[in-house]
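Scope of the values below: all heavy atoms of this structure, side chains included, with no hydrogens, waters or symmetry mates. In each ligand, atom 1 is the first atom listed, and ligand 1 is the first ligand listed. It should be emphasised that the depicted structure is a prediction, and the values quoted were computed from it without experimental measurement.
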Amino acid sequence: MADFDVDLFVIGAGSGGTRAARIASSHGARVMIAEEDRIGGTCVIRGCVPKKLFVYASRFAEDFEDAAGFGWTLGTRPSFDWPTLRDAVANEVTRLSGLYRKGLEGAKVEIREERAVVEGPQSVRLAKSGQIVRARHILVATGGWPSFDPPIPGGELGISSNEVFHLPVLPKRMLVVGGGYIALEFASLFARLGVAVTLLHRGDNILRGFDEDIRTRLRDALAHAGITFRLGCTIERIEELADGTRRAHCPSGTPIDADVILVATGRRPNTKGLGLEQAGVELGPLGEIVVDAATASSVPSIHAVGDVTNRVNLTPVAIREGHSFADSIFGSKRWIVDHATIASAVFTTPEVGTVGLSEGQAMAAGHDVRIFESGFRPMKATISGRQERIYMKLVVDVKTDRVLGVHILGHDAGEIVQAVGIAVTMGATKADFDRTVALHPSAAEELVTMRTPRAG
Ligand code: NDP
């Protein structure tokens, strides 16, 4: 013990690293954590938290319109002020970052606000001060970073989701590139804030990997909300016109002009220049740290959690991995994270909530499936007059009756799926769903009242 300055050195104070540091410390470990950016990581500083606050802002537009049908008259025409939202969100991010810091300090974790690089299997160098810290264990929790690969001429004229939170003015026209979580969430929210949004994606449909029925219905709903789709397209160059307009050129079709081009074509693990290869840590093709189920890298004293391992890139997964690492190495309980059934949401409007296998995945895995689905107009829309529908789908294994997947498109889909995810994780059968008494009137009651499987 005396040979080491600390028991654990954590690189990266995001969701996974912070949880690991606090838990390890609670088990009696001497812990140091280094962060070169703001404490809190992607989720708190430039991801889930500020994004969700923007989503809330974007949904007021519909609320104001819908209120009229329920007898409300709004005195003046509602207007939206971007700087007010942007700055309020920035303040909230600062508050949360402060709470993360307090949490670490309260747990007696030593914080170093500078870049740290791995010097060897059990040593870390702090880049600014040059200090070498000898650590019994090293945990790399450096997350990921937006990537646009391969680079294209004028690519630097686009921005990533890192910058989108700080736009000086609300653009009139925005081009969003990509068809994944980030592209769709920002396309949806900016469209509802009044921006003319075009979404350009290389595939023939959005959200590859999600259930086909959800993909198509979401695309149609977003098109109905005013988003212009250019599918089956890639950008080959971007140029800046004299008035500052960004013009994106594609191999076919007319060029697209926008005030802001948001590139959301995925993220890459943050491992560049961390000294990992020199220390003998095996990296995968995207630079991800290859780890076993217990988060250990090819160097036994170096572990990694979260997006830097490029397994399931979601905040709660990183937190759980950090917790399991700390309990297993410094506590009395060894446990590993089960990545099998993880609920997730896409915070578009309408929202997607999903847990378990899609119909396609279930069939590819050899299941004989029975599909239950329901599409209906939400009660609120009957009076507001809004043209919207909710869609719910259960994927059920014929042989075992087990519910393999639940997929929802509509208001509060994420909230509903978080709860129903418990049932799916527990291995609930369709019969279990059927014997659950409905909660009326709610949208979620459809999940327990569907009785007739889809024909075919
Ligand atoms: P995703 O991997 O979800 O989507 C990337 C998109 O970019 C895909 O549509 C992909 O197309 C496309 N793409 C990739 N490379 C290129 C390229 N060279 N040219 C053109 N298009 C390209 O990444 P995101 O950036 O949206 O999100 C990153 C991660 O962050 C996600 O994996 C997710 O786990 C997490 N996240 C989660 C959220 C949530 O839980 N609500 C919200 C935001 C992010 P194709 O499908 O053809 O590969």
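Look at Glu321 and Arg311 and you find a salt bridge, because one of the NZ, NE, NH1 or NH2 atoms lies within 4.0 Å of a carboxylate O, short of that distance.
With sequence neighbours excluded, the residues that form a salt bridge (Lys or Arg N to Asp or Glu O under 4.0 Å) with Asp37 are Arg46.
A donor-acceptor pair under 3.5 Å links the side-chain atoms of Glu35 to the main chain of Ala13, judged by distance alone. For Arg192 (side chain) and Thr349 (main-chain N/O), a donor-acceptor pair under 3.5 Å exists by modelled atom type.
Taking the centre and axis of the six-membered ring of Phe372, the NZ or CZ atom of Lys430 falls inside the cone set by 45° and 6.0 Å.
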Between ligand 1 and the protein, which N/O pairs are shorter than 3.5 Å?
residue  : atom   : partner : partner atom : Å
ligand 1 : 9 (O)  : Gly179  : N            : 2.9
ligand 1 : 9 (O)  : Gly180  : N            : 3.3
ligand 1 : 11 (O) : Arg202  : NE           : 3.3
ligand 1 : 15 (N) : Thr265  : O            : 3.4
ligand 1 : 18 (N) : Asp149  : O            : 2.6
ligand 1 : 25 (O) : Gly266  : N            : 3.2
ligand 1 : 26 (O) : Tyr181  : N            : 3.3
ligand 1 : 26 (O) : Ile182  : N            : 2.9
ligand 1 : 34 (O) : Asn313  : O            : 2.7
ligand 1 : 41 (N) : Glu185  : OE2          : 2.9
ligand 1 : 41 (N) : Ala345  : O            : 2.7
ligand 1 : 46 (O) : Arg208  : NE           : 2.9
ligand 1 : 47 (O) : Arg202  : NE           : 2.9
ligand 1 : 48 (O) : Arg202  : NH2          : 2.9
ligand 1 : 48 (O) : Arg208  : NE           : 3.4
ligand 1 : 48 (O) : Arg208  : NH2          : 2.7

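A side chain to side chain contact (heavy atoms under 4.5 Å, CB included) with Leu409 is found for exactly one of Arg215, Lys393, Arg217, namely Arg217.
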